[in-house]
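Here the structure is laid out as structure tokens; the discussion comes afterwards.
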Amino acid sequence: MTSDSTTSDGTTSDSSVPESTASASHDGRLLIALDIDGTVLREDGVISDHVHAEVRRVRDLGHEVMLATGRSVSMTLPVLDRLELTPGFVVCSNGAITLKRDESEPTNYVHHHVETFNPARVLTTIRGSLEKASYAVEDADGFYRYTGYFPDTTLGALSEKVEFEQLLTYEATRVVVVSPEHDMEEFLTIVEQMGLHRVSYNVGWTAWLDIAPDGVNKATAMERVRASLGIPRTHVMAVGDGRNDIDMLEWASLRGRGVAMGQAPDVVREVANEHTSSDWDDGVAKLFRSI
């Protein structure tokens, strides 16, 4: 196992690949991290022909185009296939799981790096404020155990409904909390008042809360991928639209290109150093024409 060190911007880097070495051996290709929902995938689940064509074109130029998503592994790999991408790495579960390509495996990928935590304390803390919410715990294999109600398309086929107390017994890569009875502002207020220490969390478009292991997010995973590939920080691009993309966009913007989608909320747009059109207006396709 390689050792990690903390960079000046708070992310971790693989010390086995110093940036000076990476820059010296760099071949000019870009490392491009794409969020899925609201970025390459529209809200109706469609990947437009323009986005698909531009992703393939940039891939064919030799750039490393990959996905960095909050989705589980089982919900991510089909999108990778739809985009016709075969990157060396894929980041799932908001950075808690990083996959590495291995064509000897049935899915063509294996777990490269996994971060987990014991969810018992955070679950009991949240339930005290959100008793009627629905809860799900994702394990390292992408299997969800949940209580309450989640639409089938949300968790996928790898899920099982259990009693709340059982959720406290599994090591988690992610905890998901959904509270449809609250509007977004009310939910944000409740979450802020909880003081969720020792974990990283972000809130989605609706009353949806993702909780990850402490200090783990898309940026920490992408920095590990970047170092493994030997691509300098000046040659990274990240594109996203949600609050779970904030860390990744900050990371990319520091020395490269952090791009917020047109429909992203202000808190996301503020951390990016570039903006493109919305998902409905083929924002990724328009952005990629500059490459």
Q.
Could you tell me if the side chain of L130 sits less than 4.5 Å from the side chain of V177, heavy atoms only?
A. yes

Q | Within one Ile-Leu-Val-Met-Phe-Trp-Tyr cluster: V79 and W280, side-chain cutoff 4.5 Å | A | no

Q.
Just to verify, what does R56 make a salt bridge (Lys or Arg N to Asp or Glu O under 4.0 Å) with, not counting sequence neighbours?
A. E84

Q: Is it possible for you to check whether R57 lies under 6.0 Å from the centre of the six-membered ring of F288, through NZ or CZ, and within 45° of that ring's axis?
A: no

Q) Hey, does the side chain of R71 reach the backbone of D37 with a donor-acceptor pair shorter than 3.5 angstrom? A) no

Q | Pair R257-S290, side-chain donor/acceptor within less than 3.5 Å | A | yes

Q. Does a salt bridge link E223 with R233, judged by any charged N lying under 4.0 Å from a carboxylate O?
A. yes

Q. Is there a donor-acceptor contact under 3.5 Å from the side chain of T76 to the main chain of S72?
A. yes

Q: Say whether V122 and V162 are linked into one hydrophobic cluster, either directly or through other cluster members, by side-chain heavy-atom distances under 4.5 angstrom.
A: yes

**Q.** Nearest-0.5 Å distance that lies between atom CE in M66 and atom CD in E64
**A.** 7.5 Å

**Q.** Check ion pair D139-R145 (N to O, under 4.0 angstrom)
**A.** yes

Q. Is D35 salt-bridged to K218, cutoff N-O under 4.0 Å?
A. yes

Q) Heavy-atom count around H52 NE2 within 6.0 Å, excluding the residue itself: above 12? A) yes

Q.
Centre-to-centre under 6.0 Å for Y146 and Y135, is that the case here?
A. no

Q: Go through the steps for K286 and D281 under the test salt bridge (charged side-chain N to carboxylate O under 4.0 Å, His left out), then give the verdict.
A: CA-CA 9 Å; K286 292 178 181 178; D281 292 323; 5.4 Å; no

Q.
Is it the case that the side chain of N94 and the backbone of N217 share a donor-acceptor pair, with hydrogens and angles ignored and the cut-off at 3.5 Å?
A. no

Q: Return yes if some donor-acceptor pair links the side-chain N/O of T116 with the main-chain N/O of A172 below 3.5 Å, else return no.
A: no

Q | Same cluster (ILVMFWY, side-chain, under 4.5 Å), F164 and I126 | A | yes

Q | Other residues, nucleotides, ligands: >12 heavy atoms within 6.0 Å of D49 CG | A | no

Q. Between CZ of R243 and CG of L249, what distance do you get to the nearest 0.5 Å?
A. 13.0 Å

Q: Keeping the roles fixed (side chain from H111, backbone from A140), state whether a donor-acceptor pair exists under 3.5 Å.
A: yes

Q) Side chains of T147 and E163: is there a donor and an acceptor less than 3.5 Å apart? A) no

